[in-house]
Amino acid sequence: MLFYELNKIFTRTGYKLLLGLLGAILIFTAFYHIQSTQYVYPDGTSISGLNAIQKLKEEKSQWNGILTEEQIKKVLQTNQDILEAHPDYYPGTTDMTLSNQVYSLQQSYDDIRDMINQSYRLFGELDYYLIDRLSPDQSSSFYKNRIEGLENYLNSNKELTENQKNYYRKQYQENKTPWQYAYQEGWKVLTNSLPILQIFSAIIISLLLAPIFSYEDKTKAKAILMSSYKGKSKGTLSKISAGLWLTIGIYTIVMSVYILIILGAFGFDGAFNPAQTNFFIGWKSPWNISNIQALGIMLISGLVGSLFFSSITMFISYKSRSTVIASTVVFLLILLPDWLTNYISNSNLITFVKLFPDQLLNSRAHLSGFTFLDVQGMVISPLTIMNILYFILSIVLLYLIYIFAKKEYLR
Amino acid sequence: MKLNLINLTKEYSDIKAVDHISISLRPGIIGLLGENGAGKTTLIRMLTSLMKPSAGKILLDDKDIFKLNDDYRNILGYLPQDFGYYPDLNPLDYLRYIASIKAIKPSVARKRIKDLLQVMSLWEVRNKKIKKFSGGMIQRIGIAQALLNDPKILVLDEPTSGLDPEERYRFRQLLSSLSSDKIILLSTHIVSDIEHIADQIILMQKGKILDSGSVDQLIQNTPIRAWKIKTDLTNASLYKQNRLITSFNKSNDKEIIRMLCKDSPDPAAIPDECTLEDVFLFYNRKKAESHVVL
């Protein structure tokens, strides 16, 4: 029965095209990230693509090891030496050849440069050239800055509760330093690009599922199903199962293929680097996890998000009997809340909107920022709440479809 | 096996689509005859457990079909008036899907599907998408799906729409061969579909049963007879205005008119054999054409 439900979806030309589109987005995203990686030669010329990735990996791997203050000092000294060797260079120079020549010498420690810039700005605005104004002697405050920056932030923030503040302090104290650093380009690309792929996957899966119930009304096939022996019970269950299998299957295939392409191209190195070393999660992150754990959280959240959007699509498809309504509502639910936050100033309302299910498809934002909530004295990540809440809601929605369908009669 | 409809009623706000119908259905072919809007489809939807009645009961051997639930649907085959299919599936996959919904064992389903596709002359096109089929072919798939579980109760709503005369003939033959142990309810507004094969005919109008019985009984129960008269064109025109005319043929300056009325309209009129179609026309037109002399 499940096979025929899936067959009904996949035999339709429009839906084959949708799957093709998702495949094209996957390939384009992977190709874009591979092709946009550049390696700059000492003469200022550059290459991109797989060769660039290989050369960059060799360069960056020189700095693999524990990020002790001594290592930070070495980076700062190297940076100073490079600048001294190029007296004509200054930040923002219009001499692109010179700029590229300097960058070719700096690119090996670009990840560490990002960390240093974030450390010494003390939670201030990002300044790519901040490292250029630091002396090697300042290396000793590399990790202290993180604690100091947090204190500055907590003291200036009046919206956080004491529980939240204490939780962040605890997380920072428990964060084991010095950090282990290894070349981690693949993990950076994944944490940066996975959310967009998760959003596209959720949208396309929802579009595929939008007609799963309404199609029976459109084709007038429902009367036969409802008057058949197991049409209301197993027939409905098989549709729900098909929806779940399709969601899990497509999501797993898309994510696995993408991760394999990216890590295949960039390498698996850096999986166990602390997430704070990853620019796209960020130095400030209160999550004491590694790159691979961060990816795991993103994948699980994305899967729960996709399951929820699939469930709500199927529910609307069943109740409204309209593919268009099901598609439109879910499309808006995925894209609208995040856009709305640009126009909301009330922090409580923003916190509320940040609990909408679309956030599960953008879990990186929750790994990066101070988004933990104080719920009756318990400090908990919105991601934990959302994963549990929307998983339960998905089950409830699917169960309701089954119950409604079993008791359904024409009017 | 007996299907008892007791005081069955379906109301939509102020309209009674089915109005206190009580009748007993036994194995055989039962023709449900009525104009569009007579309440046939609503009655069928209740008989197929798709729709709950506003009042009354449907009992299968004294058990309420809505309580029997899946057990009732297990012995039911149904072809709706608007047969819904999946245009991108082929007949083979479509029937396999319906077989799985009807929980037919795969080995049984395989044989049954092959047999039905052969009987319906669809075996050669079993791998072709249904959307490429003609209306008649699609209707034959509909009939096949209704017969898939070898149902004890077979409900067919306007099954011959879209079928050509040859297909209609074959369909009637098929029904006749099935009818010995099944209740076959065939709803139609085409008299010829049931005239020669139905054991019982139910005449419906405005949600009520006007009459029911065999073709002969219905003809006997109808208080009119058919008459033929050959007359001049002036008289023919008068007859057409105030009589229930079933047919007329011009022949030179004369016209042969066939009409329905209780008594001979003219000494020259000769009685003609009354048919089920006459009964159907009488009930449906006598109200619409209330000025006619019967």
Side-chain angles (χ1 to χ4, degrees), chain A residues 1-20 208-242 245 317 321-323 402-411, chain B residues 10-13 17 41-42 44-54 65-66 68-90 92-104 106 129-131 141-142 145-146 148-149 151 153 155 157:
Chain A
M1 219 182 279
L2 174 67
F3 167 78
Y4 296 113
E5 286 299 341
L6 290 171
N7 197 18
K8 271 159 62 183
I9 296 171
F10 290 118
T11 47
R12 298 171 69 186
T13 311
Y15 296 98
K16 284 180 194 163
L17 290 175
L18 270 178
L19 276 182
L208 286 168
L209 292 180
I212 198 160
F213 285 100
S214 54
Y215 190 55
E216 312 295 355
D217 290 285
K218 189 187 163 197
T219 57
K220 296 177 180 168
K222 196 168 186 171
I224 290 171
L225 299 188
M226 283 176 68
S227 62
S228 296
Y229 180 34
K230 296 288 180 186
K232 288 185 179 184
S233 51
K234 277 190 180 169
T236 307
L237 272 182
S238 70
K239 284 187 199 303
I240 293 171
S241 308
W245 277 108
S317 175
R321 300 172 180 196
S322 161
T323 305
Y402 178 69
I403 295 297
F404 289 152
K406 240 189 137 183
K407 294 178 177 172
E408 186 180 358
Y409 291 99
L410 298 182
R411 285 179 196 159
Chain B
K10 183 69 189 179
E11 282 181 89
Y12 298 106
S13 54
T41 296
T42 306
I44 276 176
R45 284 179 174 171
M46 289 190 280
L47 275 169
T48 50
S49 81
L50 285 172
M51 188 180 267
K52 278 196 163 176
S54 311
I65 64 162
F66 292 97
L68 285 170
N69 217 346
D70 272 355
D71 289 339
Y72 176 69
R73 286 189 280 273
N74 193 22
I75 57 161
L76 181 72
Y78 173 44
L79 172 67
Q81 187 174 9
D82 292 319
F83 164 55
Y85 56 94
Y86 306 107
D88 289 296
L89 293 189
N90 60 45
L92 208 53
D93 281 342
Y94 173 73
L95 291 178
R96 282 173 181 162
Y97 172 62
I98 298 297
S100 68
I101 292 284
K102 293 188 174 189
I104 303 169
K129 284 191 175 184
I130 301 176
K131 66 181 172 190
I141 296 172
Q145 68 77 26
L148 206 52
N149 54 330
I153 298 167
V155 181
D157 197 356

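Below, chains carry the letters A, B, ... as their sequence lines are ordered, and counting in each starts from 1.
- Interface remark: of the candidates A:Lys8, A:Lys220, A:Met1, A:Lys8 forms the most heavy-atom pairs closer than 4.5 Å to chain B.
- Interface remark: B:Pro151 contributes no atoms to any contact with chain A (heavy atom separation under 4.5 Å).
- With sequence neighbours left out, the side-chain contact (heavy atoms from CB on, under 4.5 Å) criterion links A:Leu2 to A:Leu6, A:Ser241, A:Ala242, A:Trp245.
- One finds the NZ atom of A:Lys232 at 6.5 Å from the CG atom of B:Asn69 (value rounded to the nearest 0.5 Å).
- Here the closest heavy-atom approach between residue B:Lys129 and residue A:Thr11 is recorded as NZ-O, 3.4 Å.
- The most heavy-atom pairs under 4.5 Å with chain A, out of B:Ile104, B:Asn74, B:Ile75, B:Thr42, come from B:Asn74.
- The CZ atom of A:Arg411 sits 13.0 Å away from atom NZ of B:Lys52, with the distance rounded to the nearest 0.5 Å.
- Between chain B and the options A:Ser228, A:Ser227, A:Ala221, A:Ser233, the largest number of non-hydrogen pairs under 4.5 Å is found for A:Ser227.
- For B:Tyr97, the parts lying near chain A are the backbone and the side chain together; criterion is any non-hydrogen pair under 4.5 Å.
- In this structure, no portion of A:Phe3 lies under 4.5 Å from any heavy atom of chain B.
- The CG atom of B:Asp88 sits 7.5 Å away from atom NZ of A:Lys16, with the distance rounded to the nearest 0.5 Å.
- For the options B:Asp71, B:Asp70, B:Val155, B:Leu50, heavy-atom pairs under 4.5 Å to chain A are most numerous at B:Leu50.
- Atom CD1 of A:Ile224 sits about 11.0 Å away from atom CD1 of B:Ile101, to the nearest 0.5 Å.
- Nearest approach of A:Tyr229 to B:Lys102, heavy atoms of both residues: CD2-O, 3.4 Å.
- With a threshold of 4.5 angstrom between heavy atoms, B:Leu79 does not approach chain A through any atom at all.
- Closest of all the heavy-atom pairs between B:Tyr86 and A:Thr219 is CE2-OG1, 4.1 Å.
- In this structure, no portion of B:Tyr72 lies under 4.5 Å from any heavy atom of chain A.
- Each of A:Lys230, A:Lys218, A:Lys222, A:Glu408 has some count of heavy-atom pairs under 4.5 Å with chain B, and the biggest count is that of A:Lys230.
- In this structure the side chain of A:Tyr409 never reaches within 4.5 angstrom of the side chain of B:Met51, judged on heavy atoms.
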